Amino acid sequence: AKSLTVLDVGDLIAEFWTDSPPMPKDLIQDFSIEYTGHSRVDKLQAVRMKMARDGVDFTLITSLDDIAWLLNIRGTDIAYNPLAYAYIVVTQCDATLFVDQEKLPSDLAADLKDAVIHLAEYQELEEFIAGLKTGKKLSFSAGQCAHRLYKSIPKEVKRVRQASSISEMKSLKNETE
């Protein structure tokens, strides 16, 4: 039997791409319930119900379109796509959105906080994940989670790989959509 060893050599691209463009700074927009049919609070509650059924403590969402749909936000970070660079971690009682906070208009930031969504800087996700407590369960979509983030999950945290529950929720359209 042959064995395969994967060697992590770090970020090779960063070493050579010294003039990479800065992250976009355009403002993120609130996408009205008039167009979505459900509030971000309702959508987060649906995610939490799935988490309770699955027995997980945290859900890491890395897919930009899932985050845009879940939070009813739109951005312009990627040409021809209404997306903003962000991550979100959802728990049973709150959520933390990792995003460049300079891109959030004050009214949207206040609305997110009212929905018990804490704000953290985009680059703080790995530290947050690394700080998860022993014995907790973290769910994530393996096909959408970067290896760098996967490596930051402590060994003592149970990893629950599953398909994105939000992708399924997005496929079930309401009358407004």
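Small disclaimer: the values here were computed from a predicted structure and weren't measured. Below, each value reflects all heavy atoms present in this structure, side chains not excepted, and no hydrogens, waters or symmetry copies.
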Subject >> side chain to side chain contact (heavy atoms under 4.5 Å, CB included) partner of I117, chosen from L44, V90, L70 >> reply: L44
Original post:
Of all heavy-atom pairs between A68 and P82, which one has the smallest distance, and what is that distance?
Top reply: CB-O, 4.4 Å
Subject >> side-chain contact (heavy atoms from CB on, under 4.5 Å) between Q162 and K50, intermediate numbers included >> reply: CA-CA 12 Å; Q162 58 188 34; K50 169 99 169 79; 4.0 Å; yes
**OP:** Give a yes or no on whether V56 and L125 share a hydrophobic cluster (residues Ile, Leu, Val, Met, Phe, Trp, Tyr; joining criterion: side-chain heavy atoms under 4.5 Å apart).
**Re:** no
Original post:
Linking I/L/V/M/F/W/Y whenever any side-chain heavy atoms sit under 4.5 Å apart, do I88 and L112 land together?
Top reply: yes
Subject >> Within 6.0 Å of CE in M23, more than 12 heavy atoms from elsewhere >> reply: yes
**OP:** Answer yes or no: are there more than 12 heavy-atom neighbours, outside K173 itself, under 6.0 Å from its atom NZ?
**Re:** yes
**OP:** Indicate if L97 and V89 have the same hydrophobic cluster label, given that clusters are the connected sets of ILVMFWY residues with side-chain heavy-atom separations under 4.5 angstrom.
**Re:** no
Original post:
Counting heavy atoms not belonging to I13, are there more than 12 under 6.0 Å from its CD1?
Top reply: no
Subject >> Non-hydrogen side-chain atoms of L4 and K2 separated by less than 4.5 Å >> reply: no
Subject >> CD-CG distance between E177 and N174, expressed to the nearest 0.5 angstrom >> reply: 4.0 Å
Original post:
Is D65 reaching over with its side chain to a backbone N or O of S167, donor-acceptor style, under 3.5 angstrom?
Top reply: no
**OP:** Write down the atom of R40, the atom of L71, and the distance for their closest heavy-atom approach.
**Re:** NE-O, 2.8 Å
**OP:** Can you see which heavy atom on L64 is nearest to which on A84, and at what distance?
**Re:** CD2-O, 3.5 Å
**OP:** State the CD1-CG distance between I153 and L138, to the nearest 0.5 angstrom.
**Re:** 5.0 Å
Original post:
Could you give the distance from OG (S63) to NZ (K170), rounded to the nearest 0.5 Å?
Top reply: 5.5 Å
Original post:
When clusters are formed by joining ILVMFWY residues with side-chain heavy atoms under 4.5 Å apart, either directly or through shared neighbours, do Y150 and I129 land in the same one?
Top reply: yes
**OP:** Determine, stepwise, if the pair L149 / E126 fulfils side-chain contact (heavy atoms from CB on, under 4.5 Å).
**Re:** CA-CA 6 Å; L149 294 178; E126 286 180 60; 3.5 Å; yes
Original post:
Are Q45 and V41 close enough that some pair of their side-chain heavy atoms sits under 4.5 Å apart?
Top reply: no
**OP:** Report the distance from atom NE2 of H38 to atom CG of N72, rounding to the nearest 0.5 Å.
**Re:** 10.0 Å
**OP:** Enter the distance from H147:NE2 to S152:OG here, rounded to the nearest 0.5 Å.
**Re:** 10.5 Å
Original post:
Do I33 and Y35 pass the side-chain contact (heavy atoms from CB on, under 4.5 Å) test, and can you show the C-alpha distance, the side-chain angles, and the key distance before you say yes or no?
Top reply: CA-CA 5 Å; I33 193 170; Y35 304 109; over 6 Å; no
Subject >> Criterion side-chain contact (heavy atoms from CB on, under 4.5 Å) on T62 and F140, from CA distance to verdict >> reply: CA-CA 8 Å; T62 60; F140 59 95; over 6 Å; no
Original post:
Just wondering, more than 12 heavy atoms not from E127 lying within 6.0 Å of its CD?
Top reply: no
Original post:
What pair of heavy atoms forms the shortest contact from R48 to A95, and how long is it?
Top reply: NH2-N, 3.9 Å
**OP:** For residues 73-100, pull every pair meeting ring pair (Phe, Tyr, Trp, His ring centres under 6.0 Å), keeping only residues two or more places apart or in separate chains.
**Re:** Y87-Y122, F98-F128
Original post:
Tell me, do V47 and M169 make a side-chain contact under 4.5 Å, heavy atoms counted?
Top reply: yes
Original post:
Would you say K43's side chain and W69's backbone share a donor-acceptor pair under 3.5 angstrom?
Top reply: yes
Original post:
Under a single-linkage definition using a 4.5 Å side-chain heavy-atom cutoff for Ile, Leu, Val, Met, Phe, Trp and Tyr, are V160 and I61 assigned to the same hydrophobic cluster?
Top reply: yes
**OP:** Might you point out which heavy atoms bring G55 and K137 nearest each other, and give the distance in Å?
**Re:** O-CD, 3.0 Å
Original post:
Minimum heavy-atom separation for S139 to T59, with atom names?
Top reply: OG-OG1, 2.9 Å
Subject >> Pairs satisfying salt bridge (Lys or Arg N to Asp or Glu O under 4.0 Å), at least one member in residues 85-114, at least two apart >> reply: K25-D100, K25-E102, D77-K103
Subject >> Atom CD of E124 with >12 non-hydrogen neighbours under 6.0 angstrom >> reply: yes
Original post:
Side chains of Q144 and D66: closer than 4.5 Å at any heavy-atom pair?
Top reply: yes
